[in-house]
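Everything quoted here is computed from the prediction, not taken from an experiment.
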Amino acid sequence: IINNYMINKTSLLLLLFLPQLLFSQIFKEKYIKEANEFCTNWLSNLNNKSYGKAYNGFHEKVKLNSDSLSSCNAFAQLMGEFGTLNSRKLDTTFFQSNIEELGDGFYVFIEYTSFYKKIDLCQEYIIVGQNDNLKWKILRYDFSYANEELNKQDKK
């Protein structure tokens, strides 16, 4: 009798929580898809020299510490150093509901491998979060790169 009770209790718990787990997973996938579409458009603005639009894609928390003119100048300098985008591939995405210093929310981490005319291999890292209007916005953009031409010059 006790074994049947335990099995029934476990089955009941599974039936109660399984829909919630599935529902949660479906929403995580939806958030990741939306965030990736937003980031693809945001990066396209950078690559097409639409720096004002790229600045508008920043989260309000980022805009508190940067003005549009400085940001647009930084974008222009960066894209000048990178050159034309040749290709970009999505590597990693994951959802997180809390970030230390930012608190609870909807956050997606995205990593791309990109190839630019002047940069042989570039890893681009983006963190996006939903603002108060449930719109995805850039919280952080960072990159690292390796350039064979620079490496050859350094060795001479």
Note to self: For Ile99 versus Gln96, what's the shortest heavy-atom pair and its separation?
What the structure shows: CG1-NE2, 4.1 Å
Note to self: Checking Leu43 against Tyr112 for the side-chain contact (heavy atoms from CB on, under 4.5 Å) test, could you report, in this order, the C-alpha distance in whole Å, the side-chain angles of both residues, the deciding distance, and whether it holds?
What the structure shows: CA-CA 11 Å; Leu43 287 166; Tyr112 299 94; 3.6 Å; yes
Item checked: Candidate pair Val128 and Tyr107, rule side-chain contact (heavy atoms from CB on, under 4.5 Å), full reasoning -> CA-CA 6 Å; Val128 291; Tyr107 306 103; over 6 Å; no
Notebook entry, point to check: Taking atom OG of Ser71 and atom CG of Asn65, what is their separation to the nearest 0.5 Å?
Noted result: 10.0 Å
Determine all donor-acceptor pairs shorter than 3.5 Å in which one atom belongs to a side chain in residues 75-86; sequence neighbours excluded.
from, atom 1, to, atom 2, distance (Å)
Gln77, NE2, Glu81, OE2, 3.4

Check: Looking at Ala54 and Asn45, what are the two nearest heavy atoms and their distance?
Finding: N-CB, 4.1 Å
Checklist line | Side-chain heavy atoms of Gln130 within contact of Tyr31, under 4.5 Å | finding: yes
Checklist line | Interatomic distance, Leu90 atom CG to Asn36 atom CG [nearest 0.5 angstrom] | finding: 5.0 Å
Notebook entry, point to check: Can you find a heavy atom in the side chain of Trp42 that is under 4.5 Å from one in the side chain of Tyr141?
Noted result: yes
Next item on the list: With the side chain counted from C-beta on, respond yes when Leu121 and Phe115 share a heavy-atom pair under 4.5 Å apart, and no when they do not.
Entry: yes
Margin query: If you apply the rule side-chain contact (heavy atoms from CB on, under 4.5 Å), what do you find for Leu102 with Lys61, and how did you get there?
Written below: CA-CA 9 Å; Leu102 294 177; Lys61 293 176 182 181; 4.0 Å; yes
Note to self: Minimum heavy-atom separation for Cys39 and Ile110, please, with both atom names.
What the structure shows: SG-CD1, 3.6 Å
Next item on the list: Write down the atom of Cys122, the atom of Ile119, and the distance for their closest heavy-atom approach.
Entry: CB-CG2, 4.0 Å
Note to self: With a 4.5 Å cut-off on side-chain heavy-atom distances among I, L, V, M, F, W and Y, is there a chain of contacts connecting Ile32 to Ile127?
What the structure shows: no
Next item on the list: Compute whether any side-chain donor of one residue and acceptor of the other, for Tyr125 and Asp91, lie under 3.5 angstrom apart.
Entry: no
Checklist line | Shortest non-hydrogen contact between Ile138 and Ile126, atoms and distance | finding: CD1-CG2, 3.6 Å
Check: Between Lys137 (side chain) and Asn56 (backbone), is there a donor-acceptor pair under 3.5 Å?
Finding: yes
Item checked: Interatomic distance, His59 atom NE2 to Lys135 atom NZ [nearest 0.5 angstrom] -> 13.0 Å
Check: Glu29 and Lys33: salt bridge (Lys or Arg N to Asp or Glu O under 4.0 Å), yes or no, with the steps?
Finding: CA-CA 6 Å; Glu29 290 172 10; Lys33 182 180 179 210; over 6 Å; no
Notebook entry, point to check: Where the side chain of Asp67 meets the backbone of Leu69, is there a donor-acceptor pair that is under 3.5 Å apart?
Noted result: yes
Note to self: Measuring from atom OG of Ser68 to atom OH of Tyr55, what distance do you get when rounded to the nearest 0.5 angstrom?
What the structure shows: 5.5 Å
Notebook entry, point to check: Checking Ser66 side chain against Val62 main chain: does a donor-acceptor pair fall under 3.5 Å?
Noted result: yes
Checklist line | Heavy-atom pair with the smallest gap, counting every atom of Lys63 and Phe58 | finding: CE-O, 3.5 Å
Notebook entry, point to check: Should we say atom NZ of Lys53 is surrounded by more than 12 heavy atoms from elsewhere, each under 6.0 Å from it?
Noted result: no
Notebook entry, point to check: Going through the distances and angles, do Arg88 and Asn47 end up as a side-chain contact (heavy atoms from CB on, under 4.5 Å)?
Noted result: CA-CA 11 Å; Arg88 176 176 288 124; Asn47 297 138; 3.1 Å; yes
Check: Taking a hydrophobic cluster as the set of Ile, Leu, Val, Met, Phe, Trp and Tyr residues connected by side-chain heavy atoms closer than 4.5 Å, whether directly or through intermediates, do Leu139 and Phe95 fall within one such cluster?
Finding: no
